[in-house]
Amino acid sequence: MKKLLLLLFIAALFSSCGPSKNIDKMSQALNNVEKSMVIKMPKASPVQLALDVQYLASDELKGRDTGSEGIEKAAIYLSERFAEIGVLPYGESYMDHFEVQEKEAFNVVGLFPGSDKRLLKEVVVIGAHYDHIGMLQAVAGDSIANGANDNATGTATVLAIAENFRKLDFNKRTVVFALFSAEEKGLLGSKNLAQRMKKEGVNVVAMLNFEMTGTPMIDQPYITYLSGHDGSDMAAVFNRENKDLVVTGKLDVAAKFNLFMRSDNYPFFEEFNVPSQTFCTFDFTNFDHYHKVGDDISLVNTTHMARVVDAVMPGIFKVVNGDKLKLTPVTNE
């Protein structure tokens with residue numbers, strides 16, 4: 001609606017020009033107006049983030065193991081959240097079906113179509129995995145690996161970003177929101193979607209992944225680190241766009257554990273050879289319940305999660321609407 005009103009205004013402004021000059025003048029005027037627009041980013045809601053994490057990490061879903069009844073309930077919830085936000089299905093349904101060890105699995109995928117004729121066929125994928133590891137040996141009577149931080153938080157973060165783009169109503173490139181299953185089985189959900197998109201000829205130009213964003217890092221000058229930090233200019237772009245906070249940093253332990261190749265960004269890097277990286281705030285010192293039954297919502301800081309969304313939104317907006325990110329030689333991270 002904002003863009004339509006803007007076009008009508010510019011059309012009226014140049015209605016006295018000759019027909020051969022109208023299109024060029026209108027296009028230039030629109031570009032000039034867009035460049036001068038100060039975009040006010042919406043603020044993420046800690047309450048909504050908490051509601052999303054709370055349901056995904058509830059005992060009812062029993063750890064969201066791929067192929068389980070619990071993860072099917074999670075997928076239905078996420079589909080309903082996409083519909084509520086106004087995200088369109090990717091294809092005929094939000095459900096992207098595949099099989100894992102003869103069990104049915106499904107990514108949950110939606111999109112906002114791009115608005116710019118030159119850029120709408122370029123796609124930015126924003127993703128997170130929503131599966132976890134299911135049930136474990138009981139500890140103090142608790143056997144459910146709820147997976148609140150891993151990765152209900154990343155999933156809720158993607159939902160919050162989708163809500164922001166709906167409020168902004170401005171994305172030149174097409175944005176695909178992908179919530180993956182079977183990450184814990186070896187990145188199988190993201191591999192399936194990346195290969196499908198490649199086969200279908202989709203022009204993916206960047207992939208931004210979110211993993212374990214529920215706990216703040218301690219004594220760090222940045223709010224998130226970026227896996228494969230030196231593999232592209234993504235970190236520089238995000239830190240330039242957010243002038244109030246250094247958003248992304250390089251974490252040595254991420255290189256040590258080769259996190260660049262161990263998250264859902266990597267299949268997109270393999271298939272499309274474009275900047276594909278993960279934002280994370282788990283740094284191996286600030287959370288002691290990785291793949292344990294203690295990973296529940298009581299340890300998730302949703303105020304911090306909202307700060308992460310607010311911090312990365314200017315950079316995401318730039319990736320979706322500005323110049324394409326560029327690869328640099330990838331480190332061993």
Side-chain angles (χ1 to χ4, degrees), residues 45 47-111 126-138 141-163 176-190 192-193 209-214 264 289-300 302 305:
S45 166
V47 174
Q48 185 60 60
L49 286 161
L51 290 171
D52 290 332
V53 174
Q54 185 173 39
Y55 180 74
L56 292 171
S58 64
D59 284 354
E60 177 188 350
L61 303 192
K62 296 183 178 179
R64 308 187 309 279
D65 194 11
T66 298
S68 70
E69 181 181 346
I71 200 169
E72 183 173 357
K73 290 180 179 179
I76 292 169
Y77 174 84
L78 294 171
S79 297
E80 291 173 347
R81 285 285 288 124
F82 272 168
E84 177 184 274
I85 293 166
V87 178
L88 301 177
Y90 185 82
E92 296 181 0
S93 167
Y94 293 114
M95 301 291 197
D96 169 42
H97 292 257
F98 61 103
E99 282 192 2
V100 176
Q101 298 170 353
E102 299 183 350
K103 293 182 179 180
E104 185 180 29
F106 18 76
N107 301 320
V108 182
V109 191
L111 62 82
I126 300 174
H129 76 91
Y130 73 101
D131 67 306
H132 197 49
I133 58 174
M135 309 288 285
L136 299 175
Q137 184 174 345
D142 184 6
S143 59
I144 301 174
N146 300 86
N149 196 25
D150 183 17
N151 187 36
T153 59
T155 303
T157 296
V158 172
L159 292 175
I161 293 167
E163 287 186 319
V176 168
F177 300 98
L179 304 174
F180 305 113
S181 186
E183 187 269 357
E184 302 288 1
K185 308 294 186 185
L187 313 182
L188 298 184
S190 52
N192 180 270
L193 183 61
N209 190 54
F210 290 86
E211 178 87 26
M212 298 182 71
T213 58
D264 288 309
H289 299 275
Y290 175 71
H291 282 192
K292 296 178 181 177
V293 296
D295 182 6
D296 60 42
I297 193 168
S298 66
L299 300 177
V300 170
T302 54
M305 288 179 63

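Counting from 1, the numbers follow the sequence of the chain as shown.
- Summarising the geometry, atom CG belonging to Asp131 is positioned 5.5 Å from atom CD belonging to Glu184; distances are rounded to the nearest 0.5 Å.
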For residues 69-79, run the donor-acceptor check on the side chains, cut-off 3.5 Å, and write out each pair with its distance to 0.1 Å, sequence neighbours left out.
| unit_1 | atom_1 | unit_2 | atom_2 | d |
| --- | --- | --- | --- | --- |
| Tyr77 | OH | Asp52 | OD1 | 2.5 |
| Ser79 | OG | Ala75 | O | 2.9 |

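- The side chain to side chain donor-acceptor pair (under 3.5 Å) with Asp65 is formed by just one residue from the set Lys185, His132, Lys103; it is Lys185.
- Across Val87 and Ala162, no two heavy atoms sit closer than the pair CG2-CB, 4.0 Å.
- A side-chain donor-acceptor contact under 3.5 Å links Asn151 to the backbone of Phe210.
- Annotation: the span from Asn107 atom CG to Tyr90 atom OH amounts to 11.0 Å, rounded to 0.5 Å.
- Under the side chain to side chain donor-acceptor pair (under 3.5 Å) criterion, Glu84 pairs with Arg81, sequence neighbours left out.
- Judged purely by atom type and a 3.5 angstrom limit, Asp295 has no side-chain atom pairing as donor or acceptor with the backbone of Tyr290.
- Interatomic distance, Thr155 OG1 to Phe177 CZ, rounded to the nearest 0.5 Å: 13.5 Å.
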Discussion item. Applying side chain to side chain contact (heavy atoms under 4.5 Å, CB included) to Glu211 and Asp150, what does each step give before you reach the verdict?
Written reply: CA-CA 7 Å; Glu211 178 87 26; Asp150 183 17; 3.2 Å; yes
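- A distance-only check finds no donor-acceptor pair linking the side chain of Asn146 to the backbone of Ala148 [under 3.5 Å].
- Counting heavy atoms from C-beta on, the side chains of Met305 and Thr153 come closer than 4.5 Å.
- Annotation for Gln137 and Val293: closest pair O-CG1, 4.5 Å, computed over non-hydrogen atoms.
- Taking both residues in full, the closest heavy atoms of Leu193 and Ala178 are given as CD2-CB, 3.6 Å, listed atom of the first, atom of the second, then distance.
- For the pair Val108 and Met95, the minimum side-chain heavy-atom distance is below 4.5 Å.
- In terms of heavy-atom proximity, Ser181 sits nearest to Ala105 at OG-CB, 4.3 Å.
- When all heavy atoms are compared, the tightest approach of Gly127 to Asn209 is O-OD1, 3.0 Å.
- Residues meeting the side chain to side chain donor-acceptor pair (under 3.5 Å) test with Glu104, sequence neighbours left out: His97.
- Within the 4.5 Å cutoff, the side chain of Glu60 has no heavy atoms near those of the Ile144 side chain.
- Rounded to the nearest 0.5 angstrom, Ile126 CD1 and Leu111 CG are separated by 11.5 Å.
- Inter-residue side-chain proximity for Asp96 and Asn192 is flagged as met; some heavy-atom pair is nearer than 4.5 Å.
- Under the 4.5 Å side-chain criterion, counting only non-hydrogen atoms from C-beta, Leu61 is in contact with Tyr55.
- Looking at heavy atoms from C-beta onward, Leu179 lies out of side-chain contact with Tyr94 at the 4.5 angstrom threshold.
- Rounding to the nearest 0.5 angstrom, the gap separating the CG atom in Leu49 from the OG1 atom in Thr302 is 6.5 Å.
- Taking both residues in full, the closest heavy atoms of Ala156 and Val53 are given as CB-CG2, 3.8 Å, listed atom of the first, atom of the second, then distance.
- The CG atom of Asp264 sits 9.5 Å away from the CG atom of Leu188 when rounded to the nearest 0.5 Å.
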